[in-house]
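Below: the structure, in structure tokens.
Chain identifiers are assigned alphabetically (A, B, ...) following the order of the sequence lines, protein sequences preceding nucleic acid strands; residue numbering begins at 1 within each chain.
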Protein chains: 2
Amino acid sequence: MATPQDRQLVEQWRSIQTTYFRTAGAIDRALESRFNIGLTEFEILDLVAESADAACRMKQLGERTPMTQSAMSKVVDRLDKAGLISRHSCEDDRRSLFLELTDAGRALHRAAAIEHRALLKENLA
Amino acid sequence: MATPQDRQLVEQWRSIQTTYFRTAGAIDRALESRFNIGLTEFEILDLVAESADAACRMKQLGERTPMTQSAMSKVVDRLDKAGLISRHSCEDDRRSLFLELTDAGRALHRAAAIEHRALLKENLA
DNA sequence: CCAATTTATATGACGCGTCATTGAATGACA
DNA sequence: TGTCATTCAATGACGCGTCATATAAATTGG
């Protein structure tokens, strides 16, 4: 019933879960308390900061994160309301949006990224 | 600012996230549709099934999963209401509870575990 | 050029997890 | 023994993610 391979799979899975929760939790709490944004918000900022091109991005971003389309839409909405990001409708295809960091967003991302990388290093060792 | 080591950390982290979400999502949907329980519920069943001893377990279980005490309490509550688990207050320390699978719980666990292991195998390859 | 279909994003209802707190039992110790 | 601190579990308020759907724009086929 429970083969040794099964046990090993379960072990591996629990280890991934533990790492994931520990790391995500640590980052989330740190960003929340120091910058008032959650991990999810940071991850979108991080993705937008990474893509320097001016393509219609909302969609492409979705391909680079395990987030749902719905989740993304709401995170972006929060970031917009917080003044960290701006949404511009795309001329070529008016269904699409492309995103840009505001100055405040860029500054916050710069600071938060340091925290983020440090905690990754600490937790993924 | 973004050292190669930083990039590597971020890559590693995204890979963990992707694996985690893909796997958890797959298992969750499968268990939900076939057995009407979520991944979290299954994980508690699995832990209880594993520990054959009759110790006061609620607390110990908490040490074996990244779940919050609060989360555990609610999951156990759902499992109890679903008739899959029973809570007995502990004689020695009446603050503690210990948990036991009901027959239905044991049966469901047996069936769901097969699904669970198969999906782990599929996703953690 | 007009349906029918498909694609990009937004939104409302809902469930679950988290935080902070509560209640209850136990322990510590003067 | 009485008080104060600690520990275990449950709960209510709240926020976020998910699913199903809505809206709007673009594409496709006749």
Side-chain angles (χ1 to χ4, degrees), chain A residues 17-18 20-33 36-44 47-48 55-82 85-100, chain B residues 17-18 20-22 24-33 36-44 48 55-82 85-100:
Chain A
Q17 284 186 303
T18 302
Y20 176 75
F21 279 118
R22 181 171 24 81
T23 309
I27 299 176
D28 200 55
R29 280 186 293 277
L31 296 181
E32 198 72 63
S33 73
N36 265 296
I37 61 170
L39 173 55
T40 316
E41 278 84 359
F42 175 79
E43 283 173 344
I44 294 297
L47 285 176
V48 175
C56 301
R57 294 213 208 90
M58 193 80 178
K59 186 70 198 316
Q60 281 102 313
L61 250 52
E63 293 160 7
R64 304 220 275 145
T65 154
M67 258 182 261
T68 303
Q69 177 270 317
S70 173
M72 274 223 20
S73 176
K74 297 191 179 187
V75 176
V76 167
D77 204 52
R78 275 176 261 146
L79 287 169
D80 190 352
K81 276 174 182 134
I85 225 176
S86 62
R87 282 181 275 203
H88 306 285
S89 79
C90 178
E91 305 286 310
D92 305 0
D93 182 344
R94 280 178 325 202
R95 291 169 304 180
S96 297
L97 289 182
F98 73 100
L99 310 176
E100 212 173 347
Chain B
Q17 285 186 302
T18 302
Y20 176 75
F21 280 117
R22 181 172 24 82
I27 299 177
D28 200 55
R29 280 187 293 277
L31 295 182
E32 198 72 63
S33 74
N36 264 297
I37 62 171
L39 173 54
T40 315
E41 278 84 359
F42 174 79
E43 282 173 343
I44 295 297
V48 175
C56 301
R57 297 212 206 92
M58 193 82 177
K59 185 70 198 319
Q60 281 102 311
L61 250 54
E63 293 159 8
R64 305 220 275 146
T65 153
M67 260 183 259
T68 302
Q69 176 270 316
S70 173
M72 273 223 19
S73 178
K74 297 190 181 188
V75 176
V76 168
D77 204 53
R78 272 176 263 146
L79 287 170
D80 190 351
K81 277 172 183 137
I85 223 175
S86 62
R87 283 181 276 205
H88 306 284
S89 79
C90 178
E91 304 287 310
D92 305 359
D93 182 345
R94 280 180 324 203
R95 292 168 303 180
S96 297
L97 289 183
F98 74 100
L99 310 176
E100 212 172 350

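Of the residues in residues 22-30 of chain A, not one comes within less than 4.0 Å of DNA chain D through any heavy atom.
Each of I44(B), L31(B), V75(B) was checked for a side-chain contact (heavy atoms from CB on, under 4.5 Å) with I37(B), and the lone residue meeting it is L31(B).
Here dG15(D) presents its C1' atom at 14 Å from NZ of K81(A), a figure rounded to the nearest Å. Rounded to whole angstrom, the span from the NZ atom of K59(A) across to the C1' atom of dA25(D) amounts to 14 Å. Rounded to an integer number of Å, the gap from L79(A) CG to dG17(D) C1' is 15 Å. Rounded to whole Å, atom P of dT9(C) lies 12 Å from atom CD1 of I44(A). One atom, CG of N36(A), and another, C1' of dC16(D), lie 16 Å apart when rounded to the nearest Å. Remark: P of dA9(D) and CZ of R57(B) are 12 Å apart, rounded to the nearest angstrom. Protein atom CG of D93(A) is 6 Å distant from nucleotide atom P of dA26(D), rounded to whole Å. Separating the CD atom of E32(A) from the P atom of dC19(C) is a distance of 10 Å, rounded to the nearest angstrom.
Proximity of I85(B) to E100(B): side-chain heavy atoms (C-beta onward) are nowhere separated by under 4.5 Å. Under the 4.5 Å side-chain criterion, counting only non-hydrogen atoms from C-beta, M72(B) is in contact with L61(B). Within the 4.5 Å cutoff, no side-chain heavy atoms of K59(B) are placed close to those of Q69(B).
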For this session: Assess whether side-chain contact (heavy atoms from CB on, under 4.5 Å) is satisfied between T40(B) and M67(B), documenting all intermediate values.
Result: CA-CA 9 Å; T40(B) 315; M67(B) 260 183 259; 3.5 Å; yes
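The side chain of R87(A) contributes no N or O atom lying less than 4.0 Å from OP1 or OP2 of dT9(C). Side-chain nitrogen and oxygen atoms of T68(B) include none within less than 4.0 Å of the OP1 or OP2 phosphate oxygen of dG17(C). Here T40(A) does not reach the OP1 or OP2 of dC16(D): none of its side-chain N or O atoms lies under 4.0 Å away. At dT26(C), one or more side-chain N or O atoms of R94(B) fall inside 4.0 Å of OP1 or OP2 (strictly under the cut-off).
Along DNA chain D, the nucleotide closest to V75(A) and the one closest to V76(B) are compared, and the more 5′ of them pairs with V76(B). Both S96(B) and R78(A) lie close to DNA chain D; mapped to their nearest nucleotides by heavy-atom distance, the more 5′-ward contact belongs to S96(B).
A donor-acceptor pair under 3.5 Å is formed between the side chain of S33(A) and the backbone N or O of A30(A).
Under the salt bridge (Lys or Arg N to Asp or Glu O under 4.0 Å) criterion, R94(B) pairs with no residue at all, not counting sequence neighbours. With sequence neighbours excluded, no residue forms a side-chain hydrogen bond (donor to acceptor under 3.5 Å, both in side chains) with S70(B).
Taking both residues in full, the closest heavy atoms of R57(B) and F98(B) are given as N-CB, 3.4 Å, listed atom of the first, atom of the second, then distance. The minimum heavy-atom distance linking S73(B) with M58(B) is given by the pair CA-CE, 3.6 Å. Taking both residues in full, the closest heavy atoms of G38(A) and E32(A) are given as CA-OE1, 3.7 Å, listed atom of the first, atom of the second, then distance.
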So which protein N/O to nucleotides 11-14 of chain C N/O distances come out below 3.5 Å?
residue, atom, partner, partner atom, Å
dT11(C), O4, S70(A), OG, 3.0
dG12(C), O6, K74(A), NZ, 3.0
dA13(C), N6, K74(A), NZ, 3.3

Quick test: give all pairs of protein nitrogen or oxygen and nucleotides 1-6 of chain C nitrogen or oxygen below 3.5 Å, distance rounded to 0.1 Å.
none

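For the salt bridge (Lys or Arg N to Asp or Glu O under 4.0 Å) condition, the pairs that include at least one residue of residues 70-80 of chain A, sequence neighbours left out, are E41(A)-R78(A), D77(A)-K81(A), D77(A)-R87(A), D80(A)-R87(A).
For A71(B), the listed nucleotide lying nearest its side chain is dT18(C); candidates were dT26(C), dC8(D), dT18(C).
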